[in-house]
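These numbers come from the heavy atoms of this one structure, side chains and all, not from hydrogens, waters or symmetry mates. All values derive from a computational prediction rather than experimental measurement.
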Amino acid sequence: MNKLPKELPNIEILEEKDKRLRMKSKDVTFPLPDEDIKRIHDMMDYLEMSQIEDIREKYDLRAGMGLAYIQLGIAKRIFVIVYEVEEGKFERYVVVNPKIKSTSEEMVYIAEGEGCLSINRPTEGIVPRHARMRLTAFNEYGEEYDLRIREELSVAFQHELDHLDGILFTDKIDPKNPYKNQNKYRSI
Ligand code: NI
């Protein structure tokens, strides 16, 4: 269990129209400066707090499970994911300089649609994502690790990986036919 701060960390998230979201982020070198390590922990605290109903309501937040550095206007290849594995139990992932090793052929989509803390409007449509993937990345202390992920977590990682290349999930939806090829993919 992570000890959450008493107050919400000060995280300002860029909105959809901000051109910086379109930048391609760059790999970082280690060691990361202390301010980055603090920022990474703040981002994860923020995400975890956004998923806890009382805190979310207190601060009028939207729930989010992933956040990329570029959403704060910083073009470094870093993102974090906070995944609620069971009620009130959260897993944290710090992902720095990630490299995709393999992806499944099978594609899935989130039935209720994806969301993004930078996109504050209702959206419609589905985004096909690999059901499973393997990747390597570094944590905030420069330690390399391998990861195999699947289902919702795999979708969340692909969403954040796209942010590193300036891509938003809405780019992947055809506005004329937002449910195109839906029957080719498995819904989750
Ligand atoms: Ni996003």
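Looking only at distances, no side-chain donor or acceptor of Arg77 sits under 3.5 Å from a matching main-chain atom of Val96. Side chain of Asn139 to backbone of Tyr141: a donor-acceptor contact under 3.5 angstrom is found. For Arg22 (side chain) and Gly166 (main-chain N/O), a donor-acceptor pair under 3.5 Å exists by modelled atom type. Proximity of a side-chain donor or acceptor of Asp18 to a complementary backbone N or O of Glu15 within less than 3.5 Å is not detected. Distance alone, capped at 3.5 Å, is enough to place a donor-acceptor pair between the Gln51 side chain and the Gly64 backbone. The closest donor-acceptor contact from the side chain of Ser104 to the backbone of Ala131 lies under 3.5 Å.
Side chains of Thr136 and Lys101 form a contact here, defined as non-hydrogen atoms less than 4.5 Å apart. Looking at His130 and Met107, their side chains come closer than 4.5 Å, going by heavy atoms from C-beta outward. At least one side-chain heavy atom of Ile149 sits under 4.5 Å from a side-chain heavy atom of Leu135. The shortest side-chain heavy-atom distance between Leu72 and Ile11 falls under the 4.5 Å cut-off. Residues Glu7 and Tyr59 form a side-chain contact, since some pair of their non-hydrogen atoms from C-beta on lies under 4.5 Å apart.
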Apply side-chain contact (heavy atoms from CB on, under 4.5 Å) to the pair Arg121 and Thr170, showing each step before the final yes or no.
-> CA-CA 11 Å; Arg121 61 181 169 87; Thr170 44; 3.7 Å; yes
Stepwise side-chain contact (heavy atoms from CB on, under 4.5 Å) test for Asp45 and Arg92 = CA-CA 10 Å; Asp45 285 339; Arg92 293 180 164 209; 2.7 Å; yes
Given the rule in the side-chain contact (heavy atoms from CB on, under 4.5 Å) test, do Ile126 and Tyr179 qualify, once you have shown the distances and angles that lead to the verdict?
-> CA-CA 6 Å; Ile126 59 158; Tyr179 295 94; 3.8 Å; yes
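Using a 4.0 Å cut-off between charged side-chain N and carboxylate O, Glu140 and Arg39 make no salt bridge. Between Lys38 and Asp42 there is a salt bridge, since a side-chain N of the basic residue sits under 4.0 Å from a carboxylate O of the acidic one. A salt bridge between Asp162 and Lys172 is present, with a side-chain N of the basic residue lying under 4.0 Å from a carboxylate O of the acidic one.
Taking a 6.0 Å sphere around CG of Asp34, one finds it holds 12 or fewer heavy atoms contributed by other residues, nucleotides or ligands. Within a 6.0 Å sphere centred on NZ of Lys26, heavy atoms belonging to other residues, nucleotides or ligands number 12 at most. More than 12 heavy atoms of other residues, nucleotides or ligands shown are found within 6.0 angstrom of CZ on Arg62.
Between the CZ atom of Arg132 and the CG atom of Leu153 there is a distance of 13.5 Å, given to the nearest 0.5 Å. Atom CD1 in Ile119 sits 4.5 Å away from atom CD in Glu16 (nearest 0.5 Å). Within the model, atoms CG of Leu21 and CD1 of Ile70 stand 6.5 Å from one another, a figure rounded to the nearest 0.5 Å. Between atom NE2 of residue His163 and atom CG of residue Asp165 there is a gap of 11.5 Å, rounded to the nearest 0.5 Å. The distance from the CD1 atom of Ile100 to the CG atom of Leu161 is 5.0 Å, given to the nearest 0.5 Å. Going from atom CD of Glu48 over to atom CZ of Phe90 covers 5.0 Å, rounded to the nearest 0.5 Å.
Heavy atoms only, all atoms of each residue included: Leu61 and Ser50 are closest at CD1-CA, 3.9 Å. Counting all heavy atoms, side chain and backbone alike, Pro175 lies closest to Pro178 at O-CD, 3.7 Å. Taking both residues in full, the closest heavy atoms of Ala137 and Val95 are given as CB-CG1, 3.8 Å, listed atom of the first, atom of the second, then distance. Taking all atoms of both residues into account, the shortest heavy-atom contact from Met49 to Pro9 is SD-CD, 3.8 Å. Across every non-hydrogen atom of Ser154 and Met133, the tightest pair is OG-CG, 3.8 Å.
Cluster membership for Ile37 and Leu67, using ILVMFWY side-chain heavy atoms within less than 4.5 angstrom, is shared. Clustering ILVMFWY residues whenever any of their side-chain heavy atoms sit less than 4.5 angstrom apart, transitively, puts Met65 in a cluster other than the one holding Ile188. In the hydrophobic clustering of ILVMFWY residues, with side-chain heavy atoms under 4.5 Å counting as a link, Ile81 and Leu147 come out together. Following chains of ILVMFWY side-chain contacts shorter than 4.5 Å, one can reach Leu4 starting from Met43, so the two form part of one hydrophobic cluster. Hydrophobic clustering (ILVMFWY, side-chain heavy atoms < 4.5 Å, transitive): Ile40 and Ile74 are in one cluster.
Looking at Glu114, Glu152, Glu151 one by one, the single match for side-chain hydrogen bond (donor to acceptor under 3.5 Å, both in side chains) with Arg129 turns out to be Glu114. The side-chain hydrogen bond (donor to acceptor under 3.5 Å, both in side chains) test with Lys76 singles out one residue from Asn97, Asp36, Asp27, and that residue is Asp36.
Not less than 6.0 angstrom separates the ring centroid of Tyr93 from the ring centroid of Phe79.
Between Phe30 and Phe138, the two ring planes are tilted [angle within 30° to 60°].
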